[in-house]
Structures are given as C-alpha cells and as structure tokens.
Protein chains: 2
Amino acid sequence: MLETKAQRQSDRRAEILDAAERCFARAGFHRASMQDICGEAAMSPGNLYRYFPSKEALIAGICERNRAEAVASFALVDQAPEFFEGLAGLARHHLVDRTQDEVALCSEIMAESRRHPDIARLYQDIEKDIRDRIAGMLKQAAGRDEIRQDLDLDAAASVLMLLGDGMSWRRSVDPSFDAEKVLPLILAMVRGLLAKPDDDAPVRGERS
Amino acid sequence: MLETKAQRQSDRRAEILDAAERCFARAGFHRASMQDICGEAAMSPGNLYRYFPSKEALIAGICERNRAEAVASFALVDQAPEFFEGLAGLARHHLVDRTQDEVALCSEIMAESRRHPDIARLYQDIEKDIRDRIAGMLKQAAGRDEIRQDLDLDAAASVLMLLGDGMSWRRSVDPSFDAEKVLPLILAMVRGLLAKPDDDAPVRGERS
DNA sequence: TTATTGGGAGTGAACGTTCATTCTCATTTT
DNA sequence: AAAATGAGAATGAACGTTCACTCCCAATAA
C-alpha cells in the first residue's frame with residue numbers, strides 16, 4: 001500500500017520526464033515553456049511543480065535517466081566474444097539505432113551544459129563516468145591482447161568520445177546525414193587506430 | 001568623404017559583432033541579453049538597433065563572418081605541396097589554433113541552428129558550402145592520385161566534417177580536453193582512411 | 001566671422017510579451 | 001476529518017524592441 005504510493009509517484013515523474021523530453025527535443029530547452037510541458041503531460045503547472053521543483057530539475061532528471069541507460073549499454077562490450085565486435089555493437093546502439101528525438105535531446109543537453117553551471121556539473125559527471133568506462137574497456141582489451149599495446153589509452157578514449165559526439169551532432173544538425181552509411185568507415189578507422197599492426201588485414205571489412 | 005561614412009558604418013557594425021561574439025561565447029545566445037551586448041559594445045540599445053534590426057541579425061552577421069573566414073582557410077590545402085600536409089594544416093588551423101571563445105561560439109551557432117529556422121537555413125547553407133569544398137578537395141587529391149581511388153568521397157567528406165564537429169564540441173564542453181595531444185591520432189586515422197593502401201607506412205608518424 | 005539649420009549618432013526609460021514559479025482553492029483519497 | 005492530489009489564475013522578473021529625445025558637427029546664411 002505504501003509501496004504503491006511511492007510507485008505512483010515514480011510513475012508520474014517518469015510520465016512528466018517523457019513529456020519534457022518530447023518538448024525539449026522538439027523545441028530546445030529555452031523555447032519549450034513549462035506551459036508546453038504541462039500541456040504535453042496533461043497536467044497543470046501547480047501540480048507539475050509538486051513533482052519537480054524547477055525546470056532545471058527536469059533537465060537533471062532526464063540526464064540521470066540517460067546516464068543509467070548509457071552506463072548499462074556498456075554491458076554490450078563485455079558480453080561480446082571479441083572486442084571489436086562489441087565496440088561495433090556499442091557504436092551501432094548509440095549512434096545509429098537511436099531515434100532522431102533521442103539524438104536531438106542529447107545535443108540539447110550538451111548545448112545546455114555550456115550555459116547552466118549546475119547542468120554542466122551533472123553533464124561532466126556523466127562524461128567522466130562514460131570516459132572511465134571507455135578507458136576500462138580499452139584497458140581490458142589491452143590486457144587480453146586484443147588491441148595494440150603502445151597506445152595512449154587516455155587519448156584513444158578521447159578520440160572515441162569525440163567520434164561519438166561528432167556522429168550525434170551531425171545526425172541532429174544535418175537531416176541528410178546517413179549514419180548507417182558512415183559507420184563502417186568510422187569503424188574501419190577506429191580499427192586502424194586500435195588494432196595490433198599485424199592483424200590489419202580485415203581493415204576494410206565490417207564483419208569477419 | 002562619403003567613402004569614410006560607409007567605412008565608419010561598417011567598422012561600427014564590426015565592433016558590435018565583436019562585442020556580440022564575446023557575449024555569446026560567454027553566455028550563449030539566450031542568456032546573453034541585448035543589454036549585455038550593448039554594455040560590451042559601449043552603446044545604447046537604441047543606437048545598436050540602428051545597425052542591426054534584431055538579435056537574430058547579430059547571429060546571422062556572425063555566421064557570415066565565420067563563413068568567409070572558413071572558406072578562405074581552404075586555400076591552405078591548395079597551397080600545400082602535398083595533400084596530407086595541407087589537410088594537417090587545415091585541421092590544426094580549425095581545431096587547435098582557434099581560441100576557446102571561437103570554438104564556444106561555433107558550438108553556440110550549431111546549437112542555435114537547431115532552434116531558429118532562419119539560422120538553421122543559414123547554417124545549413126554554410127555547411128553545404130564547406131562540404132562542397134571538402135568534396136572538391138578530395139576529388140582533386142584523387143585526381144592527383146594522392147589518395148586511394150576506391151573511396152566514397154561523399155562518405156569520406158561526412159567523416160571529415162564529423163571529426164571537425166567532434167573536436168570542436170569536445171573542446172567547448174570539456175575543459176580538460178587537449179586538442180594538441182589528440183590531433184596526431186586523428187590525422188593518423190584519417191590517413192589510414194584516405195591514403196592509398198601501399199603507402200600506409202608512415203601511418204603513425206605525424207610529419208614526414 | 002557668427003548665427004542658423006539639418007541630420008545622423010547616440011541615449012535610456014518605457015512597453016508589451018513571455019515565462020518560470022507561486023498562491024489559492026477545489027476535488028479525491030485515506 | 002485530514003491529507004494528498006490537482007487545477008488554473010496570479011505574480012513578478014526578464015527580455016527584445018521601440019520611441020521620444022539630446023548631442024554634435026558640418027554646411028549654409030547672415
């Protein structure tokens with residue numbers, strides 16, 4: 001009974017975040033007014049404010065949800081039988097399979113983090129988390145001798161994040177951009193960067 | 001005499017754009033108020049509006065200036081004795097030498113183009129211009145047999161733009177990001193993507 | 001030379017609007 | 001009855017923009 005109450009609260013919060021996501025993806029943080037979000041969530045402002053204390057809290061809530069999702073997705077790499085295959089799966093999941101709205105929202109968060117100090121902190125926290133996971137992933141691969149040993153893991157992690165940002169950004173800004181078409185080139189490039197020099201052979205192939 | 005008048009007008013406009021750039025880079029388009037810009041330009045609102053009809057016109061003006069600068073920078077590649085050297089120079093010029101403010105401003109324009117339809121048109125126009133130039137650059141290199149022939153030039157251009165976006169974005173969002181350190185890896189990757197298979201040898205070297 | 005005129009440069013208070021947030025009150029649940 | 005949930009009008013601050021006005025200086029008229 002007291003279980004259900006907390007559950008209801010949590011559900012309502014999730015609904016509100018869903019509505020906010022739609023509004024933000026459509027119009028951006030600044031142009032999406034609380035009234036819009038209230039409309040989308042079929043709820044009055046007064047009531048909405050009982051669930052989230054501010055607009056910023058909505059953004060933070062969305063960030064947290066995304067973070068949980070992003071972190072979970074790293075399991076893909078661990079489960080894969082071979083490093084590059086796992087990496088390819090991760091890349092596809094993050095950069096191709098996401099909907100346009102999800103990508104747009106991601107850009108929106110990135111852009112907003114440049115402005116709102118609190119969001120910036122939250123975002124950089126998430127970034128650090130992801131970065132650590134990438135670094136860990138690379139380290140593990142190096143330990144298994146699946147990638148070259150003479151690699152600046154830190155710089156390599158930067159490159160991977162940079163590629164992710166670039167893909168996301170291009171998708172959200174250029175409607176004609178075809179992620180599906182570009183991904184193989186990206187993966188080939190990354191393989192060239194990370195793979196051990198002697199098994200460069202399948203460098204152009206997307207799958208073994 | 002009538003020459004000087006137009007000149008003065010133009011100078012004043014440039015000063016205003018400089019001030020606006022500083023404000024936008026610092027606070028973003030939405031949080032930089034016209035009052036802020038007026039303060040930065042040491043000018044009253046009424047007077048500023050004699051030079052630019054709206055806030056949006058300021059953004060457009062900045063876009064145009066950047067476009068001119070970006071387009072001009074492609075001469076770097078044409079002048080270089082060898083393709084990859086020119087490309088490296090271009091990359092350095094665009095991605096490392098730029099000040100933090102310039103990069104931030106660039107991100108701001110990209111983000112804003114997702115919202116303001118007029119800015120979006122202008123931005124996509126510029127993007128198309130740059131993209132064409134990259135494609136032309138690649139085509140010329142292919143003609144000179146400096147890069148591999150079996151290359152999807154369109155996709156390759158996308159990859160290059162994506163890398164540029166990623167670098168800009170990372171710089172503007174992550175203060176600890178070291179573009180200088182990452183650039184060699186990026187260039188090596190790009191070389192791996194574009195170079196003819198038989199001269200892969202200096203793939204790890206930054207300069208011949 | 002001095003006085004008059006004209007117009008562009010510049011000012012800053014004021015306006016109308018939008019927006020996040022709060023207040024008050026009604027309805028439902030416990 | 002008391003508490004939780006909900007609605008929606010009200011509030012006040014911030015913003016882009018406008019407007020009535022002043023200042024300055026060059027050209028003309030006296």
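Below, chains carry the letters A, B, ... as their sequence lines are ordered, and counting in each starts from 1. Computed over heavy atoms, backbone and side chain alike; hydrogens, waters and symmetry mates excluded.
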Study note, to complete from the structure: Side-chain contact check for B/Ser33: nearest option of D/dT5, D/dG16, C/dG10 is D/dG16
Review point. Nearest to the side chain of B/Tyr49 - C/dG8, D/dG16, D/dG6?
Key: D/dG16
**Study point:** Spacing of B/His30 atom NE2 relative to D/dC15 atom P, expressed in whole Å
**Key:** 12 Å
Study note, to complete from the structure: Rounded to whole Å, the CD-P distance (B/Glu15 to C/dA9) equals 13 Å
Review point. Between D/dA7 atom P and A/Met43 atom CE, what is the distance in whole Å?
Key: 7 Å
Review point. How close or far is atom P of D/dA9 from atom CD of A/Gln35, stated in whole angstroms?
Key: 10 Å
Practice item. Identify whether NZ of Lys or CZ of Arg in A/Arg191 sits under 6.0 Å from the centre of the six-membered ring of A/Phe84 and within 45° of that ring's axis. Key: yes
Practice item. Spell out, as yes or no, whether a donor-acceptor pair under 3.5 Å connects the side chain of B/Gln100 to the backbone of B/Arg171. Key: yes
Check your understanding: Mind checking whether A/Arg98 and A/Cys106 have side chains closer than 4.5 Å, heavy atoms only?
Key -> yes
**Study point:** B/Arg121 versus B/Ser113, side-chain donor and acceptor atoms under 3.5 Å
**Key:** no
Point to revise | Sugar-phosphate only, base, or nothing, as touched by B/Ala57 at under 4.0 Å among non-hydrogen atoms | key: nothing
**Study point:** Separation of C/dC19 P from A/Phe29 CZ (nearest whole Å)
**Key:** 16 Å
Check your understanding: Taking the side chain of A/Met34 as heavy atoms from C-beta outward, which of D/dT17, C/dT21, D/dT5 is closest to it?
Key -> C/dT21
Study note, to complete from the structure: Looking only at D/dT17, C/dT21, C/dA9, the nucleotide nearest the B/Asn47 side chain is C/dA9
Check your understanding: If only side-chain N and O atoms of A/Ser44 are considered, is one of them under 4.0 Å from the OP1 or OP2 phosphate oxygen of D/dG8?
Key -> no
**Study point:** Side-chain N,O (A/Arg8) to OP1/OP2 (D/dT5) below 4.0 Å
**Key:** no
Exercise for review: For A/Arg31, report the nucleic acid contact type (base, sugar-phosphate, nothing); a contact means any heavy atom under 4.0 Å.
Suggested key: nothing
Practice item. Would you mind classifying the nucleic acid contact of B/Phe52 as base, sugar-phosphate or nothing, using non-hydrogen atoms under 4.0 angstrom? Key: nothing
Check your understanding: CG of A/Leu48 versus C1' of C/dT22: gap in Å, rounded?
Key -> 13 Å
Review point. Once you round it to whole Å, what is the distance between P of D/dG16 and NZ of B/Lys55?
Key: 4 Å
Review point. Without hydrogens or angle criteria, can the side chains of B/Asp174 and B/Ser176 be said to hold a donor-acceptor pair below 3.5 Å?
Key: yes
**Study point:** Selected nucleotide, minimal atom distance to B/Arg50 side chain, candidates C/dG10, C/dT22, D/dA7
**Key:** C/dG10
Review point. Starting at CD1 of B/Ile16 and ending at C1' of C/dA9, how long is that distance when rounded to a whole Å?
Key: 11 Å
